[in-house]
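Read the structure below first, then the notes.
In what follows, every heavy atom counts, from backbone to side chain, and hydrogens, waters and symmetry copies are set aside. Indexing begins at 1, ligand by ligand and atom by atom, following the structure's order.
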Amino acid sequence: MQQDSTAHQAASTAGGRPARTVRPRHFLMCSPEHFDVVYSINPWMEPEKPTDTALAVAQWERLRSLYLGLGHKVELIDPVPGLPDMVFSANGATVVDGKVLAARFRHAQRVDEGPAYAAWFRERGYEVLDGTHINEGEGDYLVTGDRILAGTGFRTDRRSHAEAERFLGRPVVTLELVDPRFYHLDTALAVLDHEEIMYYPAAFTPGSRATLRELYPDAIVATEDDAAVFGLNAVSDGRHVLLPEQATHLIDALWSRGFVPIGVDLSELLKSGGSSKCCTLEIRDRVPGADS
Ligand code: ARG
């Protein structure tokens, strides 16, 4: 675990902790009504293990009501029968300044989710680009204050990164994943605030690790235990950080940085290799003059 940064101390409140403020979010979620694990496209998915769809819905509802209780706006997309992973809305697109880069999925089992999400945005008047290359939305594109961190290695084709940079208008930093358990960037790294992140270094190539160390010397570094319970599949609103309650080291580190961690239980969805962040697509609407 890294030491507290002096930069944070500069912005500290009287109590010695950084002042954290909520930026209200606009999220898109999809109910897991049709959730199941019937194929395996990542090491977490074991189709022979039973799933409990009613429990998945209850856990997801709890996540949704937490967001609403924190003052965030949550919109819903209708789940499509036969697309059991559609609950993972983070994979459906990447939205920056009202521009939508539609997902193009790597596996045949999920391909139809891309057009379903793109249609939702088109119907609401968003500018949508159908990506030329495979990209799994915010699974691999994480937007920080100034740039977009972009995963590759398992799902998103690195050629998509240049397209994302051009279309979304922010610099894209390519990060290569190496551990099949952490197949999407959002399973290995979470954005906490403007340029603050937490991540699990061993999920990345040595080169990408060096990039992360240089860009984010004050990052919270996750232990393997925390990463293995999907502790990095977290959603931050700048103050509250929703993450699996089992990620105890991260929870302590977040408190010490002045964040308010909120433990959630999405054990059913973990059977498909997903947790809070996977179930949450952030819609960054175009707000003239506003910061991200
Ligand atoms: N079963 C899904 C898959 O392997 C899980 C996706 C999780 N989503 C995420 N943003 N990491 O594609």
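Contact annotation: the side chain of Glu136 approaches that of Phe105 to within less than 4.5 Å [non-hydrogen atoms, C-beta and beyond]. Within the 4.5 Å cutoff, side-chain heavy atoms of Leu243 are placed close to those of Leu250.
Proximity of Lys277 to ligand 1, defined as any heavy-atom pair under 4.0 Å, is not found for any part of the residue. Neither the backbone nor the side chain of Trp44 comes within contact range of ligand 1; no heavy atom lies under 4.0 Å.
Asn42 ND2, 2.7 Å is the protein heavy atom nearest to atom 4 (O) of ligand 1. Atom 10 (N) of ligand 1 has as its closest protein heavy atom Asp186 OD2, 2.6 Å. From the protein, the heavy atom lying nearest to atom 3 (C) of ligand 1 is Arg110 NH1, 3.4 Å. The protein heavy-atom contact nearest to atom 9 (C) of ligand 1 is Cys278 SG, 2.6 Å.
Under a 4.0 Å heavy-atom criterion, Arg155 is in contact with ligand 1. The closest approach between a heavy atom of Phe105 and any atom of ligand 1 is not below 4.0 Å.
Taking only non-hydrogen atoms, the option from Thr187, Asp85, Val37 nearest to atom 2 (C) of ligand 1 is Asp85.
Taking the centre of each ring, Tyr183 and Phe154 stay at or above the 6.0 Å mark. Aromatic rings from Tyr39 and His107 are positioned such that their centres are separated by 6.0 Å or more.
Under a 4.0 Å criterion applied to the non-hydrogen atoms of Gly273, ligand 1 contributes the atoms 5 (C), 7 (C). Of all the atoms in ligand 1, the ones that sit under 4.0 Å from a non-hydrogen atom of Met45 are 1 (N). Close approach of ligand 1 to Gly139 (heavy-atom distance below 4.0 Å) involves ligand atoms 10 (N).
For the residue pair Ala222 and Pro201, the shortest heavy atom distance occurs at O-CD, 4.2 Å.
Note that CZ of Arg106 is 8.5 Å distant from CZ of Arg155, once rounded to the nearest 0.5 Å.
Note: Phe182 and Tyr200 have perpendicular aromatic rings, judged against thresholds of 30 and 60 degrees for the angle between ring planes.
With respect to the salt-bridge test (charged N to carboxylate O, under 4.0 angstrom), the residues Arg209 and Glu214 do not qualify.
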